[in-house]
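Input: a single structure, listed below in structure tokens.
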2 protein chains.
Amino acid sequence: MNSGSDAPQARRRLPPAARTPQILRAALEEFAERGYAGARMAAVASRAGIAKGLIYHYFSSKEALFQATVRACTQPLFEEAERHLAGHAGPARELLGALMRMGYARISADRQERILFRLIITEAERFPDLARFYREEMLARATGIARAVLRAGVAAGEFRPEVADMPGLAEVVLAPVLMASVWRMILGEGDAPAPEAMREAHLDLLLHGLEAPRAPR
Amino acid sequence: MNSGSDAPQARRRLPPAARTPQILRAALEEFAERGYAGARMAAVASRAGIAKGLIYHYFSSKEALFQATVRACTQPLFEEAERHLAGHAGPARELLGALMRMGYARISADRQERILFRLIITEAERFPDLARFYREEMLARATGIARAVLRAGVAAGEFRPEVADMPGLAEVVLAPVLMASVWRMILGEGDAPAPEAMREAHLDLLLHGLEAPRAPR
DNA sequence: CTGCTTATTGACCATCCGGTCAGTAACTCC
DNA sequence: GGAGTTACTGACCGGATGGTCAATAAGCAG
């Protein structure tokens with residue numbers, strides 16, 4: 001099914017640097033489809049086009065494979081947003097709009113990211129390492145970006161001064177994007193609230209809610 | 001473990017009307033802790049203080065037990081909010097504040113509700129019935145409440161007229177409450193963003209973002 | 001080509017788990 | 001108290017699954 005392009009047909013020796021990501025990709029698919037408990041090591045092997053035993057040559061157990069899988073996916077997640085943030089010069093409200101478009105677009109396009117999020121939601125309680133990883137490497141990074149935008153807006157006089165360091169505000173600003181993703185996981189593409197509508201409403205609410213009164217237009 | 005109060009010590013015959021909720025409660029605990037695939041029927045039986053076979057006297061399979069478990073929990077979920085909505089007379093912004101306090105308080109207090117939500121997130125893709133149930137009985141009800149508040153505010157001249165029927169806005173308004181719940185599931189009580197801070201920031205953002213401008217821009 | 005290293009295999013094991021069933025006893029009705 | 005109903009038990013089964021290991025062969029150095 002998945003193995004059209006990269007599955008070896010016969011026994012084919014590969015250096016670990018090539019085999020490892022192949023296994024991790026297969027594992028992400030399997031964990032995503034079945035959850036941790038439901039995933040079968042034999043199915044991971046089959047998706048990767050290798051024998052089950054080989055997985056244990058690279059990962060000591062199912063749990064080790066799971067942790068490695070989650071970690072391997074978060075690398076490129078925030079890079080784009082952070083690049084955007086660093087390179088932006090214009091008004092904060094445009095930056096906000098651009099980041100919002102990026103966030104909601106990702107929710108629509110990137111199924112792997114939703115899947116990853118669901119895995120974290122599902123398994124964090126059982127794997128404290130995973131919860132810590134989410135908190136430090138994902139949530140903190142995301143709220144950091146939101147806070148930076150808020151502060152930039154205040155510094156430029158676009159936003160009300162109070163919003164610069166209001167506790168909980170970054171999380172509130174972020175939440176609808178994430179919930180759009182969650183709803184799409186639960187209900188599927190057809191029945192979930194439309195991300196574009198949410199994005200427009202979200203942006204409208206934020207701009208009216210954050211903006212300093214009598215904003216120059 | 002859980003069976004301090006209602007677990008029978010020896011064979012004790014109970015009418016189905018008493019046994020069924022006992023099994024459902026045990027099942028909720030087990031499903032919540034392990035997910036669908038990870039839950040063991042023997043553990044459900046043990047939590048309920050009965051033999052495994054008895055479960056199959058009441059439910060035909062693991063899946064039937066799961067569906068019944070989810071359905072049994074949603075009854076009282078929205079009743080309070082809807083009662084509040086129907087009985088309110090004052091300004092919409094006070095109604096909004098009251099509903100917000102209620103929502104965030106529930107997230108803090110009611111662990112079962114968070115658990116239920118996670119079960120839905122986790123398993124909806126595999127059980128289309130469950131997704132439909134969530135859409136119709138939970139999300140639609142919740143957005144309905146939010147929309148009613150928005151319309152009431154517009155009707156009273158408190159909110160900008162555009163917000164009465166802006167597509168996606170009800171979902172955006174709702175999202176932070178739900179994300180507060182999700183974060184609490186993932187990170188636990190200690191490390192999740194504080195619901196009180198989120199509530200205050202959320203309310204502040206909403207009131208500024210929804211309110212009709214007093215002075216023309 | 002020869003021999004060494006190690007990536008790779010697939011049969012195998014022990015265990016666990018959903019589901020069954022034949023038997024048992026608690027409760028009810030007469 | 002006797003008979004009938006049915007809630008209840010727990011041993012058991014078949015299949016699935018995480019994990020092991022000895023054999024195998026691909027690639028490489030000489």
Side-chain angles (χ1 to χ4, degrees), chain A residues 3 6-69 119 123 126-127, chain B residues 3 6-70 119 122-123 126-127:
Chain A
S3 45
D6 54 3
Q9 44 282 46
R11 173 182 285 216
R12 172 83 187 286
R13 193 191 181 95
L14 283 184
R19 195 61 91 189
T20 306
Q22 189 186 32
I23 295 174
L24 288 174
R25 242 177 299 136
L28 176 62
E29 284 179 25
E30 176 70 8
F31 281 126
E33 224 164 84
R34 313 261 188 157
Y36 177 76
R40 292 162 298 155
M41 296 298 272
V44 173
S46 159
R47 282 177 197 265
I50 57 173
K52 192 178 64 168
L54 188 54
I55 299 176
Y56 289 90
H57 189 70
Y58 291 97
F59 301 96
S60 64
S61 68
K62 189 184 187 182
E63 179 171 341
L65 175 63
F66 177 67
Q67 300 257 2
T69 301
L119 269 176
E123 309 297 343
R126 234 165 319 168
F127 300 106
Chain B
S3 46
D6 53 3
Q9 45 282 50
R11 174 180 284 214
R12 170 83 187 285
R13 192 191 180 96
L14 284 184
R19 193 62 88 189
T20 305
Q22 188 186 32
I23 295 174
L24 287 174
R25 240 176 301 135
L28 177 63
E29 284 179 26
E30 177 69 8
F31 281 126
E33 223 165 85
R34 313 262 188 155
Y36 178 76
R40 291 162 301 158
M41 296 298 271
V44 174
S46 160
R47 281 175 198 267
I50 58 174
K52 192 178 64 168
L54 187 54
I55 298 176
Y56 290 91
H57 189 69
Y58 291 97
F59 302 94
S60 63
S61 68
K62 188 185 188 181
E63 178 172 342
L65 175 63
F66 177 66
Q67 301 257 2
T69 301
V70 173
L119 270 176
T122 309
E123 309 297 340
R126 234 163 318 173
F127 300 106

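Quick caveat: nothing in here was measured; it's all calculated off a predicted structure. Every chain is numbered from 1 and lettered A, B, ... according to where its sequence line falls, protein lines coming before strand lines.
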Inset, instruction - Nearest whole angstrom, please: distance from the C1' of D:dC8 to the OH of B:Tyr58. - result: 8 Å

Inset, instruction - Answer with yes or no whether the side chains of A:Arg19 and A:Gln22 bring together a donor and an acceptor at under 3.5 Å. - result: yes

Legend entry - Gap between atom CG of A:Leu24 and atom CD1 of A:Ile55 - 0.5 Å precision: 10.0 Å

Inset, instruction - With sequence neighbours left out, write down each residue that passes side-chain hydrogen bond (donor to acceptor under 3.5 Å, both in side chains) with B:Arg40, or none if nothing qualifies. - result: none

Legend entry - Shortest non-hydrogen separation from A:Pro16 to A:Pro21 and the atoms involved: O-CD, 4.2 Å

Legend entry - Phosphate OP1/OP2 of C:dT8: any A:His57 side-chain N/O under 4.0 Å: no

Interface polar pairs with nucleotides 16-20 of chain D, N/O, under 3.5 angstrom:
| residue | atom | partner | partner atom | Å |
| --- | --- | --- | --- | --- |
| D:dG18 | OP1 | A:Ala39 | O | 2.8 |
| D:dG18 | OP1 | A:Lys62 | NZ | 3.3 |
| D:dG18 | OP2 | A:Met41 | N | 2.8 |
| D:dG18 | N7 | A:Lys52 | NZ | 3.2 |
| D:dG19 | OP2 | A:Tyr56 | OH | 2.9 |
| D:dG19 | OP2 | A:Lys62 | N | 2.9 |
| D:dG19 | N7 | A:Lys52 | NZ | 2.7 |
| D:dG19 | O6 | A:Lys52 | NZ | 2.4 |

Legend entry - Euclidean distance, atom CG of residue B:Leu65 to atom C1' of C:dG19 [Å, nearest integer]: 13 Å

Legend entry - B:Leu14 to B:Tyr58 - nearest heavy-atom pair and separation: O-OH, 4.2 Å

Legend entry - A:Arg13 side-chain N/O to D:dC28 phosphate OP1/OP2 under 4.0 Å: no

Inset, instruction - Whole angstrom is fine here: how far is it from CG in A:Leu54 over to C1' in D:dA26? - result: 13 Å

Inset, instruction - Provide, to the nearest angstrom, the distance between the CZ atom belonging to A:Arg19 and the P atom belonging to C:dT6. - result: 17 Å

Inset, instruction - Using a heavy-atom cut-off of under 4.0 Å over every strand shown, decide if B:Phe59 touches base, sugar-phosphate, or nothing. - result: nothing

Inset, instruction - Using atom CD1 of A:Ile50 as one end and atom P of C:dT9 as the other, report the distance to the nearest whole Å. - result: 6 Å

Which donor-acceptor pairs under 3.5 Å do side chains of residues 62-69 of chain A form with protein atoms, sequence neighbours excluded?
| residue | atom | partner | partner atom | Å |
| --- | --- | --- | --- | --- |
| A:Lys62 | NZ | A:Tyr36 | O | 2.8 |
| A:Lys62 | NZ | A:Ala37 | O | 3.4 |
| A:Lys62 | NZ | A:Ala39 | O | 2.9 |
| A:Gln67 | OE1 | A:Arg71 | NH2 | 3.4 |
| A:Thr69 | OG1 | A:Leu65 | O | 2.6 |

Inset, instruction - Starting at atom CG of B:Leu14, determine the distance to atom C1' of C:dT28, rounded to an integer number of angstrom. - result: 16 Å

